[in-house]
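The structure appears below as structure tokens.
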Amino acid sequence: SDVCSSDLLPYRGVIVGDGPDRAFAEAAVPKAVFTGFLSGEDLATAYASSDIFVFPSDSESFGNVTLEAMASGLPCICANATGSRSLVAAGLLAKKADGTVDQAKKVDEIATFVAPFAVLFIMFLSVMSTAPQLLNAVIEEKMSRISEVLVGSVSPFELLMGKLFGVTGVAVLLALVYFIGAGYYMIYAGRTELVQPALMAWFVIFLVCCVLMFGSMFLAIGSACSDLKDAQSMMQPVMMLMMVGYVGSFAVLRAPESNLAMALSFFPTSAPFIMMLRMAMQPTPPLWQPALSLVITLATTVAFVWAAGR
């Protein structure tokens, strides 16, 4: 018979057994295979050749066929009937690396939601605590004419990059303090699996990129304004761009592989936040995605620093 089509996985339905309603069932499911009554080795072959066992009867009192399917290593989907209820545990099944099927692990809400959001929040807090300070620093130097003296010794690009690197170092140090405290608590609580050195390394890389990018935006605003009043009105667009990653994270937490998550992962101002959030979740995105996100963020940073120096 033809293979039935599915949006997720191609399958072929095989119905074993016979009865007065067989003609009705064959008309209702024309692409399924109806074997009729089987016993002995033929029945054992049918079990062994299957991938999953579906038993919809709600009148079975013992569940002998369910026992036979379980003995063949088949995952069972059964009606909530007396016999099957005592044999099959409600819940999801997971396939192991050796091909056997076992009860799926219970979802760990801390590892699935709390830890990824904590990583995002630490990055957001570190950026908000450091990058906006560059705007005030540049305007104060312009108002006191210190910048004129400094520009006589170094180029505007070198001056702004020096400020940017200094603030980035402060942001990384601040984030490391948060991470060390969180790591100590996780070890103390016995959740050592949540302490992932590789994830922390990626966090530092994306944090550096994030501070460089948003810091360069505030530097550009400070370079274009002559006083704080003008700068306050120009800060709003940058703050809105910064909030895109934070607000979008709630949708990404629900569907990390969605088209929206992919788009936010490659949008320059949200890429560090969203990509770091996705990397803290399971399954992690393929390596080319964080690498591409990193390149986009760095290119955007260089462009803003160049614009600020002009």
Side-chain angles (χ1 to χ4, degrees), residues 110-111 113-141 159-189 191-192 194-222 228 231-232 235 238-250 252-253 264-265 268-281 290 293-294 296-298 300-302 304-305 308:
I110 295 179
F113 299 105
V114 177
F117 190 79
V119 171
L120 171 71
F121 184 75
I122 291 175
M123 176 175 287
F124 185 79
L125 183 62
S126 300
V127 174
M128 287 294 295
S129 302
T130 54
Q133 309 306 321
L134 289 170
L135 186 146
N136 294 332
V138 172
I139 292 181
E140 288 176 1
E141 289 180 358
L159 176 61
L160 296 180
M161 283 301 295
K163 293 180 180 295
L164 203 52
F165 286 147
V167 169
T168 302
V170 174
V172 172
L173 179 61
L174 182 62
L176 288 178
V177 171
Y178 291 141
F179 262 113
I180 291 174
Y184 176 80
Y185 176 77
M186 291 301 170
I187 295 174
Y188 176 79
R191 300 301 303 270
T192 55
L194 297 179
V195 181
Q196 305 177 30
L199 181 63
M200 294 184 65
W202 276 107
F203 177 86
V204 172
I205 294 173
F206 275 105
L207 176 63
V208 169
C209 294
C210 192
V211 176
L212 289 175
M213 179 175 58
F214 284 106
S216 63
M217 293 183 186
F218 287 111
L219 285 176
I221 294 175
L228 290 175
Q232 292 294 330
M235 280 183 61
V238 178
M239 297 300 296
M240 292 178 64
L241 289 174
M242 189 180 297
M243 292 299 296
V244 169
Y246 182 79
V247 175
S249 64
F250 295 98
V252 176
L253 276 172
L264 292 175
S265 297
T269 59
S270 62
F273 299 108
I274 299 302
M275 187 56 70
M276 199 63 244
L277 177 66
R278 292 179 61 202
M279 294 189 69
M281 303 173 68
S293 178
L294 188 62
I296 293 174
T297 305
L298 286 175
T300 305
T301 300
V302 173
F304 274 109
V305 174

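Sequential numbering from 1 along the given sequence is applied to the chain's residues.
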Pairs satisfying salt bridge (charged side-chain N to carboxylate O under 4.0 Å, His left out), at least one member in residues 270-281, at least two apart: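 The answer is E257-R278.
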
Locate the shortest heavy-atom distance separating [X] from [Y]; write the atom from each residue and the value.
| X | Y | answer |
| --- | --- | --- |
| F218 | V238 | CZ-CG1, 3.8 Å |
| P272 | P268 | CD-O, 3.5 Å |
| A171 | L207 | O-CD2, 3.7 Å |
| P290 | F206 | O-CZ, 3.7 Å |
| T300 | M213 | CG2-SD, 4.0 Å |
| T269 | M217 | CG2-CE, 3.5 Å |

Count the heavy atoms of every other residue, nucleotide or ligand shown that sit under 6.0 Å from [atom1] of [X], and state whether that count exceeds 12.
| X | atom1 | value |
| --- | --- | --- |
| M243 | CE | yes |
| Y188 | OH | no |
| F121 | CZ | no |

What's the separation between atom [atom1] in [X] and atom [atom2] in [Y], rounded to the nearest 0.5 Å?
| X | Y | atom1 | atom2 | value |
| --- | --- | --- | --- | --- |
| Q133 | K163 | CD | NZ | 12.5 Å |
| T130 | L173 | OG1 | CG | 11.0 Å |
| I122 | M276 | CD1 | CE | 10.5 Å |
| T297 | F273 | OG1 | CZ | 10.0 Å |
| M123 | L125 | CE | CG | 12.0 Å |
| L277 | F124 | CG | CZ | 13.5 Å |

Any donor and acceptor pair, going by atom type alone, linking the side chain of [X] with main-chain N or O of [Y] inside 3.5 Å?
| X | Y | value |
| --- | --- | --- |
| S270 | L264 | yes |
| S293 | S265 | yes |
| S129 | S126 | no |

Student check: side-chain heavy atoms of L164 and S216 closer than 4.5 Å: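 They are in contact (side-chain heavy atoms under 4.5 Å apart), so the answer is yes.
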
Criterion side-chain contact (heavy atoms from CB on, under 4.5 Å) against V172, the qualifying member of V177, V167, V208: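 Exactly one pass, corresponding to V208.
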
